[in-house]
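The shown structure was predicted, so the numbers you read here are calculated from the model rather than taken from an experiment.
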Amino acid sequence: MDQPIRIFQRIDELQKVLDSYRRDGISIGLVPTMGSLHDGHSSLLRASIKENDKTVCSIFVNKIQFNNEDDYLGYPQNVDDDSKLLSDLGCDILFAPSEDEMYGGFNSIQFQFGEFFKTMEGAFRPGHFNGVGVVVSKLFNIVRPDRAYFGEKDLQQLLLINRLVKELNFQIDIKSVPTIREDSGLALSSRNKKLSDVQAGVASGIYLLLNKAVNQLLNGDDLQTVRAEVTQRFKDNRDMKLEYVEFVDIANMATPDMSWFEKPEAICIAAEIGGIRLIDNLQFSL
Ligand code: AMP
């Protein structure tokens, strides 16, 4: 019979077990999440379970990465469903620390990432990437995984993690996992649980717009034209408010206004529907 999932709230207790794994040459995969798990998370977990002897899923709603108190307080949480899903998938360990266990009252380190991380999520969510950088560094130090899994859905975050690992010399292989979507094209997100059926229908329009924009680029339209068109589409739709639409040179970590931008490789969008903030992106090659 499969081993039941082990749940740890304490760092020292988790580390004791992970140390014994390491002594026995057992490889460890880490999937950091904020819970309210869905098929997007499952895809990361399946990849980790396949590629590692043991998988740790962390669930921690990291207050310091939220720039909006209501967004933090209203973030969906569903611990019972989450642990059942993790057990069914065959995840070995759930690490679910309290705020105090993770931060112990300390929050003095501040990360400053480069120019690229002041755009998009960095611009619209001040302090967000500092919070992500701090919590992911802490999780990496606590778990010391061989591999860690992140979704392409949060493209800018994925690029930030790659940068963090390089600059701080974490000996961790970062694995990216493609975005999982509803049949409608809507990217799965814990925040989707807050959308009504009608709002979810409206939100699926984001994927259509991304695809249309990419097709225009492939047909030779320039970035300004495509950006203007996407912006207009949002203006025409009273149910959705565009925060940004941006093109990203992934290899060079640049947006078009940066001198080191060479060519667009992804289009990223953030939009609000009834106060619920959604992000999505599509990668392409011109
Ligand atoms: P979160 O719980 O939203 O912080 O997400 C935890 C991890 O799951 C992050 O690496 C996300 O990029 C990833 N993720 C979230 N939604 C999806 C999705 N629809 N497809 C693939 N990965 C996802």
Side-chain angles (χ1 to χ4, degrees), residues 33-44 61 65-78 81-82 85 119-126 128 150-158 177-219 221 223-248 255 264-284:
T33 80
M34 296 204 298
S36 206
L37 302 178
H38 51 65
D39 285 349
H41 298 114
S42 301
S43 172
L44 273 62
V61 184
Q65 76 184 62
F66 285 79
N67 56 308
N68 176 327
E69 175 96 1
D70 289 341
D71 191 21
Y72 168 68
L73 294 173
Y75 197 82
Q77 281 181 279
N78 213 329
D81 286 358
D82 287 352
L85 183 142
T119 66
M120 301 191 290
E121 294 303 285
F124 282 85
R125 303 185 70 189
H128 173 66
F150 293 88
E152 289 173 6
K153 150 99 175 10
D154 298 276
L155 182 63
Q156 208 181 5
Q157 169 176 283
L158 173 64
V177 178
T179 302
I180 305 295
R181 301 177 179 281
E182 306 269 10
D183 291 342
S184 67
L186 176 63
L188 296 188
S189 160
S190 304
R191 289 192 167 91
N192 291 359
K193 296 189 174 126
K194 299 173 83 179
L195 296 170
S196 68
D197 288 350
V198 173
Q199 286 172 327
V202 173
S204 63
I206 296 174
Y207 185 59
L208 298 177
L209 280 175
L210 285 170
N211 272 296
K212 188 156 187 275
V214 170
N215 279 329
Q216 279 181 274
L217 290 174
L218 294 173
N219 287 330
D221 282 357
L223 297 183
Q224 288 83 343
T225 308
V226 177
R227 185 199 297 270
E229 172 116 353
V230 173
T231 307
Q232 188 57 47
R233 288 292 172 130
F234 273 92
K235 280 190 185 143
D236 295 342
N237 188 333
R238 282 194 288 131
D239 300 318
M240 271 200 287
K241 201 172 123 234
L242 180 69
E243 273 193 359
Y244 62 77
V245 51
E246 190 55 277
F247 302 99
V248 174
T255 51
E265 293 170 321
I267 175 170
C268 299
I269 282 182
E272 233 186 53
I273 297 172
I276 300 150
R277 188 172 187 277
L278 300 173
I279 63 171
D280 200 354
N281 68 83
L282 216 52
Q283 293 184 40
F284 55 87

Hits for salt bridge (Lys or Arg N to Asp or Glu O under 4.0 Å) against Arg277, two or more places apart or cross-chain, chain-then-number order -> Glu121, Glu243

- Task: Mind running side chain to side chain contact (heavy atoms under 4.5 Å, CB included) on Val226 and Val214 for me, showing each step along the way?
- Result: CA-CA 9 Å; Val226 177; Val214 170; over 6 Å; no

Of all heavy-atom pairs linking Ile206 and Ala271, the shortest is CD1-CB, 4.2 Å

Original post:
Would you say Met120 and Ile279 make side-chain contact, with heavy atoms under 4.5 Å?
Top reply: no

Those residues at least two apart in sequence (or on a different chain) that pass ring pair (Phe, Tyr, Trp, His ring centres under 6.0 Å) with Tyr207 are none

Q.
Within the 4.5 Å heavy-atom criterion, are Asp280 and Arg181 side-chain neighbours or not?
A. yes

Residue set satisfying side-chain hydrogen bond (donor to acceptor under 3.5 Å, both in side chains) with Ser204, at least two apart, ordered chain then number -> none

Contacts of Asp236 meeting side-chain hydrogen bond (donor to acceptor under 3.5 Å, both in side chains) (sequence neighbours excluded), chain-then-number -> Gln232

Those residues at least two apart in sequence (or on a different chain) that pass side chain to side chain contact (heavy atoms under 4.5 Å, CB included) with Pro76 are Ser36, Ser190, Lys194

Asp221 meets the side-chain hydrogen bond (donor to acceptor under 3.5 Å, both in side chains) criterion, sequence neighbours left out, with Gln216

Rounded to the nearest 0.5 angstrom, the CD1-CG distance for Ile267 and Asn281 is 9.5 Å

Sorted by chain and number, sequence neighbours left out, side-chain hydrogen bond (donor to acceptor under 3.5 Å, both in side chains) with Gln283 holds for none

One should read off an interatomic distance between Ile273 CD1 and Arg191 CZ, to the nearest 0.5 angstrom, of 12.5 Å

Does a side chain donor of either Asp71 or Asn68 reach within less than 3.5 Å of an acceptor in the other side chain? no

With sequence neighbours left out, the residues meeting ring pair (Phe, Tyr, Trp, His ring centres under 6.0 Å) with His128 are none

So CG of Leu44 and CD of Glu152: to nearest 0.5 Å the spacing works out to 10.0 Å

**Study point:** Min side-chain heavy-atom separation Glu246-Arg227 under 4.5 Å
**Key:** yes

Across all chains, not counting sequence neighbours, the salt bridge (Lys or Arg N to Asp or Glu O under 4.0 Å) partners of Asp239 are none

d(Ile180 CD1, Leu188 CG) to nearest 0.5 Å is 7.0 Å

Residues at least two apart in sequence or cross-chain that pass salt bridge (Lys or Arg N to Asp or Glu O under 4.0 Å) with Glu229, listed by chain then number, are Lys212, Arg233

Interatomic distance, NE2@His38 vs CG@Leu85, rounded to 0.5 Å, equals 10.5 Å

To the nearest 0.5 Å, atom CG of Leu37 lies from atom CG of Asp82 at 3.5 Å

Heavy-atom nearest pair, Gln156 first then Gly122, reads OE1-N, 4.0 Å

Here the ring pair (Phe, Tyr, Trp, His ring centres under 6.0 Å) pairs for residues 226-246, sequence neighbours left out, are Phe124-Tyr244

- Item | Any side-chain heavy-atom pair of Asn192 and Leu278 under 4.5 Å | yes

For Phe284 and Pro264, the nearest pair of non-hydrogen atoms, with its separation, is CE1-O, 3.5 Å

By ring pair (Phe, Tyr, Trp, His ring centres under 6.0 Å), Tyr75 pairs with (sequence neighbours left out) Phe66

Looking at Lys235, I'd like to know if its NZ atom is crowded, meaning that more than 12 non-hydrogen atoms belonging to other residues, nucleotides or ligands lie closer than 6.0 Å. no

